[in-house]
Structures are given as C-alpha cells and as structure tokens.
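Notes for the one structure printed next.
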Amino acid sequence: MATVGNKTESERARPPSPPPARSRTTSVQLELLPRARSESAPFESRSRTNSENPGRSGGEGELHHRLLGPSLQKSGQDGVDQVAVSDIIYQASAGSKYFEHQKQKEKELTKKVEAILKQAEKVSKQDLAAAKVLVDALVNKLESTRILDQTIVHIDCDAFYASVEELDFPELKEKPFAVGNGVLCTCNYEARKFGVRSAMAEFVARKICPQLIVLPLNFPKYIAKSNAIKAILSEYDPNICAMTLDEAYLNITEYCQRVGKDRELVVQEIRDRVYRETQLTVSAGIGPNSRVAKIASNMNKPNGQFVIANDRESVMEFMRTLEVRKVTGVGYVLERQLNAVGVIKCGDIYEKAPLLHELFSDINLSFLLDCYLGLGSTVIKPIEQYERKSISCETTFRDLSSPSEIKQKLWQVATDLEKDCKRLNIAGRKLGLKMKKHTYEALSRQRPVAKPINSAEDLYKYGVQMLEKEMPITIRLIGLRLTELVDLSVEGPMKTFLKGSRRSTQVLADTSGGSGGAEETDAAAEDIEEDLGFMIHSQGDSGPNYRSWSKAHTAANLPSAPTESSAGSSSRKRSSSSQPDFSSEAPTDPTSPLTPPPPVPDPTPTDDRIKDEGGPAAEQVACPVCGNLVSGEPSALNQHVDWCLSRGAILEAVQETYTKRLKTG
DNA sequence: GCGGATCAC
DNA sequence: TATGGTGATCCGC
C-alpha cells in the first residue's frame with residue numbers, strides 16, 4: 001500500500017467514517033436513500049420543524065419529523081408533497097404502541113434540549129473566554145493532523161437491492177416497488193416519488209402508495225452482485241474496505257500515481273466498468289479523507305460522482321455550508337441539540353465551539369471540530385482487519401407474556417447465536433440479554449460467565465437466569481449478545497480452555513460434524529487441538545467452508561435453517577437435576593395433580609432412552625431445560641429442547657386452568 | 001462495570 | 001392489525 005498511513009488523530013474516537021460498522025450478513029442492510037438533488041435547498045423548507053408547519057404546535061411538528069424517519073434530510077423527493085406524506089404516516093401510526101413510544105421519546109428529547117438551553121444560559125462570558133483558549137488549542141492540534149496527499153473514494157450503489165431485482169424483472173423499472181418484508185429495506189426511484197423510503201413499515205408505505213410492489217429479500221443474489229463489484233474495485237485498491245454489500249471505501253492514491261491518471265477520470269472509469277460488467281450504477285465521492293468522501297458520494301446520487309479537492313480551503317468551504325445532519329454520526333438527536341444552540345451547518349461549529357465545550361463531552365467536541373475542519377481517516381484497510389467486539393442475535397414476535405413461549409424464543413436465538421459463533425469460531429466471556437417490552441421500551445441485562453461460552457445450552461442456561469429475574473413481563477423482542485470475545489482458532493492460551501471444557505460444552509461440536517466421534521479417543525495435545533478446531537469449524541452449516549473473509553459476508557444471511565420444532569407432546573420423567581425448569585415461575589406445587597404430564601410419543605426421547613442405558617456416554621449433554629442427559633448431536637438436541645419447551649407450554653396451560661378452577665370453584 | 005441511548009446501514 | 005437486525009460507541013451513574 002501507499003506510503004503515507006499515519007492516521008490522523010481524529011481518526012476514530014467517534015463514529016466511524018470508514019471502517020467501523022461491521023457488515024454482518026444476517027443483518028438487513030438498509031439503504032440510505034439518497035436522491036439526485038440539484039441543491040441542498042428543497043427540503044430545507046421542510047426540515048426545520050415547527051415554524052414551517054403552521055398547523056402543528058406543541059411538538060407535533062417534531063413528532064411528524066421523527067415519524068418521517070431518517071430519509072428526510074436527503075430525500076429531496078422532487079414533486080413529493082412531504083407535508084402530505086408526513087400526515088399520512090402520522091395518521092397511519094397514530095394510536096399504535098409504536099406511535100406512543102415515539103411520542104414519549106420525543107417528549108424526553110424536548111426536555112433534554114430544553115435542559116441544554118437552560119445550561120447554556122448559565123455560561124458566563126468568562127467561561128466562554130476560557131473555553132475559547134482550550135478550543136483553539138484543540139483546533140490547532142487537530143489541524144496538525146491534516147493529511148492532504150491521499151485520494152480516498154467512497155463508492156455507494158444506487159438503490160442496491162432494488163436495482164439488482166430490476167435486472168431480473170425489467171418490467172419493474174417503471175413501477176414503484178420495494179424490497180423487504182414488513183419493513184422496507186430499499187425501494188426504487190419510482191417508489192420514492194410517492195414518498196416511499198427505506199426503513200418504512202410496509203403497511204405505511206402502502207398507504208402512501210397503494211400500488212407498491214414488495215419483493216422478498218434475496219441475499220444470495222445481492223451477495224453475488226456485490227462480490228462482482230468488489231472484484232472490480234479491488235483492482236484499483238487491493239485493500240478496499242467493504243462496509244456492507246453496497247458500500248466501500250478505496251484509497252486510489254497509488255493507482256493514480258502508477259497509471260498517471262487523474263483521480264476523477266479513474267473514478268469515472270471505475271463506475272463505467274461497474275456498470276458495463278454488472279449493469280448496476282454506483283455513485284462516488286472523492287476527497288482527501290473518508291469522512292468527506294462519504295458525504296460527497298451522496299451529493300450527486302444516483303449515478304454520479306462528486307469531488308472535493310485536496311486542499312484545505314476546498315475542504316473547509318465544502319464543510320462550511322454542509323448541514324450537520326449530513327455528517328455520518330450526527331443523527332436525529334444530536335441534530336436537534338445542535339440546532340437548538342444555533343449550529344445548523346458545520347461552518348457554525350467553530351464559532352459556537354466555546355459554548356459547545358461547556359455543553360458537550362470532550363469526545364463530542366473533538367468530533368464536531370473534526371467536522372468543522374473536514375478531517376477524517378486516510379487509512380483504508382479491509383474490514384476483516386477490524387476486531388469484532390460482540391456478536392448477537394435477536395428476534396421480534398407478537399407480544400408474549402407466557403414464560404414458556406418466551407423461553408422458546410430465547411432458545412431459538414440461543415441456537416441461532418451458537419451457529420454464528422461456531423461459524424466464526426468464537427466464544428464470549430460476557431452474556432447480554434436484551435428485551436423489548438410490548439410498549440417498545442428496551443431493557444438489557446448482562447453478566448460475566450467465567451468460561452467463554454458459545455453453545456446454545458450455555459447461552460440459554462445463563463440467558464434464562466437473567467430472563468427469569470424480569471418475569472413476569474410482556475415482550476415483543478428478545479436477544480442475546482456475547483462480548484469479551486475469544487478467538488477459538490488462535491493457538492496458545494486457548495488450549496487450556498479447550499481441553500478443560502472438552503467434555504462439557506465442546507462435546508456438541510465433537511459429535512456434530514459427522515466427521516466426529518472416532519478420533520477423539522486419546523490423542524496428543526496438538527492433535528486434540530487440531531481436531532477441535534476443525535470440528536468446531538465444520539460444525540456450521542454444510543455450505544462452503546467460509547474462512548475469514550467470505551464467511552462474514554455470505555453464509556450468515558442465507559435463510560436460517562427451518563427450525564421446525566417437534567410438536568411432540570409428552571413423555572416425561574424429569575431427572576433430579578435442579579436445572580431451571582421453564583414452568584418454574586408458575587407456582588409449581590410438587591404435589592399438584594399436573595406434575596405428571598400425559599404420556600405420548602416424542603421423537604427425541606426414544607433416542608435418549610437408548611443412550612441413557614449406558615451407551616457411549618461420550619455424546620451426551622445435559623438439556624438446558626430439563627437437565628436430562630440427551631444426545632449431544634445438534635439436531636437431536638435441538639429437537640429435544642424444542643419439545644421440552646413446548647411441553648412447558650402445555651404444562652403451563654394446564655396449570656393456568658388448574659389455578660383458575662381453584663379460584664372459581 | 002452496567003444499563004440506557006444513539007447511530008449507521 | 002401492523003414498525004427489523006447487527007454491531008459499535010458514548011454517557012451517566
């Protein structure tokens with residue numbers, strides 16, 4: 001790679017311009033819908049809230065603004081009556097729990113903004129004078145990190161998922177359509193004319209555009225196209241940083257020097273090639289660092305490019321008139337706070353910096369001054385080189401309050417998370433439980449777990465402990481997250497852990513791969529480690545052997561395995577083990593008549609019985625629900641646990657009617 | 001260190 | 001009728 005490379009001081013400490021945000025496959029990537037806008041004027045009259053909305057007082061304008069979502073600032077949907085659209089969205093949402101929650105958040109934000117203003121009033125002239133000294137010192141320090149000899153490019157595909165679909169269904173081009181399910185991931189420009197945008201709930205989108213066509217997501221297709229584009233980009237910078245399927249940073253400094261070509265021409269060539277070879281259009285931003293390049297890629301969207309010259313004055317002038325909301329890292333909340341103190345454009349930041357110093361954290365102040373100065377990272381390196389800090393799975397469902405049904409969802413995310421961990425060959429020392437109440441209020445709990453874990457049983461076991469402390473509760477989402485990760489593929493210290501936990505949690509991995517059981521007898525330490533490494537690996541889905549690079553991009557997104565739960569009913573015999581029982585929260589009276597559930601067929605138990613009889617016990621593992629020893633083979637274990645949980649639901653139902661009967665009779 | 005929040009995509 | 005999932009970071013206690 002090129003010569004330079006010293007990172008600017010301002011490089012990170014804030015929202016990542018280039019590298020952070022990881023592209024995980026499973027995630028649904030929203031597209032920032034941009035728009036071809038001649039100037040930054042159109043929405044101007046719209047984005048300043050209340051004063052522009054005469055009919056809306058008392059924060060109604062803000063609430064409309066909030067509900068309208070993130071695309072407002074860059075919508076510029078020419079000819080779209082944004083006010084009318086906003087009203088429809090409002091009407092569609094009004095009264096729902098979601099709406100009430102947004103309203104509440106808006107209220108709290110307003111309070112926060114008022115508090116900031118109040119605090120601002122208290123700042124004295126002396127305070128400001130003293131702060132100015134500090135600010136100027138900081139500005140000088142930041143300025144000294146400025147690098148202007150690199151050419152950074154941000155490439156952004158236009159309406160990516162929608163454009164890919166149009167290749168397969170050309171007739172869709174003239175029709176408004178979107179991609180997603182329930183919530184739209186993106187939509188074509190035809191749909192945007194109606195005010196449809198990414199992240200919009202599908203039912204809301206249909207209100208403003210009844211003829212909207214909605215296609216399901218097809219990740220394999222998007223991944224293939226994305227890879228094709230990335231292959232082209234890599235010819236211009238072998239170290240491209242692909243943030244997501246549709247977005248990447250390049251450093252073309254060296255390429256330009258090597259071929260002696262102007263950077264704008266090079267970028268035009270890149271875009272031409274991408275279009276020729278994939279039929280997809282991309283927009284590009286060119287500048288001396290990733291922050292300005294990113295912003296620039298939105299300036300001439302779609303299918304355009306924008307360059308910011310590599311000199312201080314050009315950069316500063318570009319930032320001067322740029323609204324703060326357009327900077328990556330400034331969202332709805334920070335924009336509101338900044339606007340409140342008179343900071344509308346990045347050019348306003350310096351003048352207000354002494355006041356900002358009194359109102360915001362040092363980190364925020366540095367970030368804002370970076371924005372004012374137009375500083376950013378010049379180091380572009382592959383996303384794979386950034387260390388992952390967490391891994392998580394979560395799922396949303398209809399409101400649930402039944403403990404056993406909630407636990408079933410927990411088991412589901414535990415198994416999903418296990419799959420991801422095994423694929424990446426990682427485990428974590430800290431487990432977090434996330435819940436969203438039926439009111440949309442979010443809760444999270446977290447606890448250290450001594451040994452790094454990544455098996456569904458462990459995830460469930462510790463997760464359910466945290467869950468039970470919150471019961472009774474009615475929730476619409478549950479999720480698990482591992483942090484303090486350890487890389488199981490790294491040799492060394494991990495050896496101890498692997499060997500130590502071999503019999504307990506690693507058993508699952510051992511027996512799963514189908515390649516399993518034999519070689520595990522007694523091997524030399526190295527062999528064991530190698531075996532485990534391999535098995536944990538092949539544990540994942542049967543697909544291609546995703547190693548590092550591709551694995552993070554592809555596999556995870558494929559439709560998750562059809563976790564068809566065995567609807568078996570019963571057969572019981574709970575072992576003595578004091579494992580948490582899903583039906584525990586219901587006042588379980590041991591003498592209660594319902595303790596012995598009805599006997600019936602059940603897929604897995606048969607298996608278990610056999611093993612229980614003292615077959616090679618090596619492959620057994622304790623069920624996280626009932627505590628019984630069951631086959632450690634993943635699908636069998638899964639089935640068993642699903643069965644166990646559904647059995648819990650039955651018990652619970654019985655219990656409910658029983659208590660009811662007691663009351664009534 | 002934990003829990004709540006914000007932000008990006 | 002109805003509003004997503006993953007990862008990172010920051011802030012206030």
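Please read all numbers here as calculations on a predicted model, not as lab measurements. Naming: A, B, ... by sequence-line order, numbering from 1 per chain.
Per the geometry, CG belonging to L359(A) stands 12 Å off P belonging to dG12(C), to the nearest Å. Put simply, CG on D399(A) is 9 Å from P on dA2(C), counting in whole angstrom units. Rounded to whole angstrom, the span from the CD1 atom of I88(A) across to the C1' atom of dT3(C) amounts to 17 Å. The CD1-C1' distance, from I391(A) to dA8(C), rounds to 14 Å in whole Å. Taking atom CZ on F367(A) and atom P on dC7(B), their separation rounds to 10 Å, with Å as the unit. Going from atom CG of L68(A) over to atom C1' of dT3(C) covers 14 Å, rounded to whole Å. Rounded to whole angstrom, the span from the CD atom of Q337(A) across to the P atom of dC10(C) amounts to 15 Å. Atom-to-atom, CD of Q91(A) to P of dA2(C) comes out at 15 Å; the value is rounded to the nearest Å.
Within the nucleic acid shown, V327(A) comes within 4.0 Å of sugar-phosphate atoms alone, with no base atom in reach, counting heavy atoms only. Counting non-hydrogen atoms under 4.0 angstrom, K430(A) reaches the backbone sugars and phosphates but no base. Residue contacts for T396(A): at a heavy-atom cut-off of 4.0 Å it reaches the sugar-phosphate backbone alone, with no base atom in range. Nucleic acid contact for R206(A): none, since no nucleic acid atom lies under 4.0 Å from a heavy atom of the residue. In this structure, G182(A) reaches neither bases nor backbone, as no heavy-atom distance under 4.0 Å exists between it and the strands shown.
OP1 or OP2 of dG7(C) sits under 4.0 Å from a side-chain N or O of S392(A). R445(A) has a side-chain polar atom (N or O) that falls below the 4.0 Å cut-off from OP1 or OP2 of dG4(B). S390(A) has a side-chain polar atom (N or O) that falls below the 4.0 Å cut-off from OP1 or OP2 of dA8(C). Within the 4.0 Å cut-off from OP1 or OP2 of dT3(C), at least one side-chain nitrogen or oxygen of R476(A) is found. Between dC7(B) and Y332(A), no contact under 4.0 Å exists linking OP1 or OP2 to a side-chain N or O. For K436(A) and dG4(B), the shortest distance from a side-chain N or O to OP1 or OP2 is not below 4.0 Å.
Ranked by how close their nearest DNA chain C nucleotide is to the 5' end, R481(A) and S93(A) are led by S93(A). Projected onto DNA chain B by closest heavy-atom contact, K105(A) and H154(A) fall at different nucleotides, the more 5' of which corresponds to K105(A). Sequence order on DNA chain C of the closest nucleotides to E202(A) and K434(A) puts E202(A) first from the 5' end.
Taking 4.0 Å as the cut-off between side-chain N and carboxylate O, E405(A) and K409(A) do not count as a salt-bridged pair. Residues K221(A) and E165(A) are paired through a salt bridge, judged by an N-O separation under 4.0 Å between the basic side chain and the carboxylate. Ion pairing between K436(A) and E394(A) fails under the 4.0 Å rule for side-chain N and carboxylate O. A salt bridge links K294(A) and E247(A); the closest N-O separation between the charged side-chain nitrogens and carboxylate oxygens is under 4.0 Å. Between K97(A) and D399(A) there is a salt bridge, since a side-chain N of the basic residue sits under 4.0 Å from a carboxylate O of the acidic one.
You'll find that the side chain of L477(A) is closest to dG5(C), out of dT9(C), dG4(C), dG5(C). When each of dG3(B), dC7(B), dT3(C) is scored by its nearest atom to the side-chain atoms of S444(A), the top-ranked nucleotide is dG3(B). Counting only heavy atoms from C-beta on, Q446(A) has its side chain closest to dC2(B) among dA8(C), dG4(B), dC2(B). With dG5(C), dT6(B), dG4(B) as the choices, the nucleotide that has an atom nearest any side-chain atom of L443(A) turns out to be dG4(B). Among the nucleotides dG4(C), dG7(C), dC9(B), the one closest to the side chain of V183(A) is dG4(C). The side chain of R388(A) lies closest to dA8(C), out of dC9(B), dA8(C), dA8(B). Here the side chain of Y440(A) is nearest to one of dT6(B), dG4(C), dT3(C), namely dT3(C). Listed candidates were dT9(C), dG5(C), dC7(B). Nearest to the side chain of K389(A) is dT9(C).
In this structure, the side-chain hydrogen bond (donor to acceptor under 3.5 Å, both in side chains) partners of E470(A), at least two apart in sequence or on a different chain, are R445(A).
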*asked:* H101(A) vs E441(A), test: side chain to side chain donor-acceptor pair (under 3.5 Å). Steps then yes/no.
replied: CA-CA 8 Å; H101(A) 184 249; E441(A) 180 192 354; over 6 Å; no
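Distance check on atom C1': dC7(B) versus dG4(C) gives 15 Å, rounded to whole Å.
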